[in-house]
2 protein chains.
Amino acid sequence: MSNTTGIKEVARRAGVSIGTVSNVLNRPELVASSTRQRVLDAITELGYVRNDSARQLRAGHSRQIALVVLDVTNPFFTDVVRGAEAAAEEHGVMVVVCNSGEDAGREQRHLDLLEEQRVRGVLITPVDESPNSRLELLIQRGTPVVLVDRGSGRHSRCSVAVDDLLGGRLAGEHLVEQGHERITFVGGPATVTQVRDRHAGIVEAVQGRAELSVVSTANLTVAAGRAAAAEIDDATAVFCANDLVALGVLQGLTQRGIRVPQDVAIVGYDDIEFAAAAAVPLSSVRQPREQLGRTATALLLEEIEDDGRHEHRHVVFQPELIVRESSGRPRTRRPRRIGR
Amino acid sequence: MSNTTGIKEVARRAGVSIGTVSNVLNRPELVASSTRQRVLDAITELGYVRNDSARQLRAGHSRQIALVVLDVTNPFFTDVVRGAEAAAEEHGVMVVVCNSGEDAGREQRHLDLLEEQRVRGVLITPVDESPNSRLELLIQRGTPVVLVDRGSGRHSRCSVAVDDLLGGRLAGEHLVEQGHERITFVGGPATVTQVRDRHAGIVEAVQGRAELSVVSTANLTVAAGRAAAAEIDDATAVFCANDLVALGVLQGLTQRGIRVPQDVAIVGYDDIEFAAAAAVPLSSVRQPREQLGRTATALLLEEIEDDGRHEHRHVVFQPELIVRESSGRPRTRRPRRIGR
DNA sequence: GCCACAGCATGAAACGTTTCACAATAGTGG
DNA sequence: CCACTATTGTGAAACGTTTCATGCTGTGGC
């Protein structure tokens, strides 16, 4: 809190005016090099640090963009964060990450604060997608917003998403091809579009070629999956709305002594890193996670650029099914003692 | 960007002075309730949003604290984030999360920005712990800093850490008790104190009662663990510096046809959620991850409070060994067909 | 010797708050 | 009716920048 040195001190020390110091900082080419050097010296000697509040106040807006994620704890989102950071960095913009934790109240508070801070723009996966008045207000008042992983028919904003219907279909077709006739879909709540779409996708793919049942979960976490595993019954394959859920199901089934994939196949969704790293590597519908973050950021920066007129765009990525052991032909194991 | 309404507009609309509006906002009890209501109405009608830059400029500092993590992608850190957020929320403070991604340059840039923003305080797990001049400067200029998961002998700051020596010892004793005689430690780089301490801990515990070898990794990721698995040789147990590495090793070994725990036992470190969720649930040395974040935040807020005089404290938590299948007695499996 | 002009530097206004000393009004007790 | 206090409201200063119109110098062309 001792930071008491402003541009004014620097100016005095260098024997120049305030305006000159500002010029050294912002348009150094306008300042004679000797003067510039004197100012620069003064700056380091005094340990001067620019005051961003004052800058922003003058500028009318900050130089950051925000990314509001549903759950920092979900590796899917942390990968999105990485993508967004990478893209932002290329433009010299900083990303501040906010975690709503699937709590509408927290989301609201974050948005309040972000608006007070006059962030340049917001990337967000909203907690609920029903007419979200807070978010709507933000947009209406002029803050660029890009929806992440939420297809939006609305034309009032850009969005980046993955075709979840197709994803579900891919999983369904794969399982049917593998000869499964009794499949269970695990996920919830159904209020989440992703869950609905992925389910719809598999329904469409299966089309009478297999029986499809549903085990509904309260959220998309490992714990929920573990709990759901107890209810899985009379199925030879499970399609989970999420890799976290899939990992939970895998664990739950294993604990029941049910072998994966010999007894039951599992297909997850997202293809988070831990899917491949599971001891029974998980088949999963891959979403281009980093790409999602990158593109969303690019769209946002574009909108910020186009200040006035801007054509909102909706980018939809195609998911890709990654088949691994959990749903592939059981591979031959050659157990052997470690060491040669 | 259309946000053109300031306190001034509100004042005009409500027919009061600027000062009164400010009072309504900050000390409503000083304003007669009728006036207050009029102002409040004007605020909602105009969609007025406070300008935080101006506020901060006046106040001299922001109202946020920052948490700079090494790797948002590591579930260990996301849990720390959650803890910090919870503690901060209780105090009405917002946490902004910054990701250094183990890149000193990015860390530096984040700190620069944070200082320009006059953050109230910083929680950080620094990339390198050598005399970090940037961080030192920050502290010296008066920003409270708490080191997270980095024991610091220094008395110039608070710190929160876990006793890694003990953690390593716990793992070592457990493995020796289980009768293992050839143990491999997997982790790196050795420049990271955590890695060194955990290794030192197991060395101490094993003390001639078993052979100890080391497979060194470039970093602490799943990929690194997977690669390391190829080099594990002639061991009956593996102790990994990290759960991510442990998961990688687990996967690598399984792919080589080596069974866990029958052929080789594995113990990880951190006890991230995915450790328990692995199909062979991972034994792991548990760190109180959320607690770490909570306590660090509490310490920071305390220091901010104590503005002038403040006694720096160093909190050290005790880790706890969680034994699961990966290193327990192989449990009996009862394979059976799903469905009854 | 004068003018025009480039190259630098200056000073003041403005950004939107908060704060604080003070003014205005009304109520109270003597 | 006065002196006081309590209760509300006011206006201006200050926070640290950026920006812009303006001022000052010295140089080269005529």
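Worth saying up front: this structure is predicted, and the values here are computed from it rather than measured. Chain letters run A, B, ... following the sequence lines, proteins first, then strands; residues in each count from 1. Basis for what follows: all heavy atoms, side chains included, without hydrogens, waters or symmetry-related copies.
When each of B:Leu70, B:Val72, B:Leu67 is tested with B:Phe77 by the rule side chain to side chain contact (heavy atoms under 4.5 Å, CB included), just one qualifies, namely B:Leu70.
Atom CD1 of A:Ile7 and atom P of D:dG16 are 11 Å apart (whole Å). In this structure, the CD atom of B:Gln56 is 14 Å from the P atom of C:dT19, given to the nearest Å. Remark: P of C:dT18 and CG of A:Leu57 are 12 Å apart, rounded to the nearest angstrom. B:Leu25 has its CG atom 12 Å from the C1' atom of C:dG16, to the nearest Å. Rounded to whole angstrom, the span from the CD1 atom of A:Ile43 across to the C1' atom of D:dT17 amounts to 13 Å. One atom, NZ of A:Lys8, and another, C1' of C:dG11, lie 13 Å apart when rounded to the nearest Å. Taking atom CG of B:Asn26 as the reference point, atom P of C:dT19 lies 6 Å away to the nearest angstrom.
With hydrogens and angles disregarded, no donor-acceptor distance shorter than 3.5 Å links the side chain of B:Arg27 to the backbone of B:Val24. Of the possible polar contacts, one joining the B:Thr125 side chain to the B:Val148 backbone as a donor-acceptor pair under 3.5 Å is found. Side chain of B:Glu107 to backbone of B:Val127: a donor-acceptor contact under 3.5 angstrom is found. Between the side chain of A:Ser100 and the backbone N or O of A:Val69, at least one donor-acceptor pair lies under 3.5 Å. Looking at A:Thr44, its side chain does come within 3.5 Å of a backbone N or O of A:Asp41 through a donor-acceptor pair.
Close to C:dG16, at under 4.0 Å from its OP1 or OP2, lies no side-chain N or O of A:Arg118. Between A:Ser22 and D:dT17 there is no side-chain polar atom (N or O) within less than 4.0 angstrom of OP1 or OP2.
Taking only side-chain atoms of A:Asn51, from C-beta outward, the nucleotide of D:dG16, C:dG16, D:dT18 with the closest atom is D:dG16.
The rotation axes computed at either terminus of the helix from C:dG1-D:dC30 to C:dG30-D:dC1 lie 50° apart, taking five pairs at each end and rounding to 10 degrees.
Residue pairs meeting the side chain to side chain donor-acceptor pair (under 3.5 Å) criterion with at least one partner in residues 80-97 of chain A, sequence neighbours excluded, are A:Arg82-A:Glu290, A:Glu85-B:Asn99, A:Glu85-B:Arg106, A:Glu89-B:Arg106, A:Glu89-B:Arg109.
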B/S/- along nucleotides 7-13 of chain D (protein heavy atoms under 4.0 Å) is -SSBB--
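When ring centroids are compared, B:His314 and B:His312 stay outside the 6.0 Å threshold.
The existence of a salt bridge linking A:Glu303 and A:Arg120 is excluded, since no basic side-chain nitrogen approaches an acidic carboxylate oxygen closer than 4.0 Å.
Counting any heavy atom pair closer than 4.0 Å across all strands shown, A:Asp52 reaches no nucleic acid atom.
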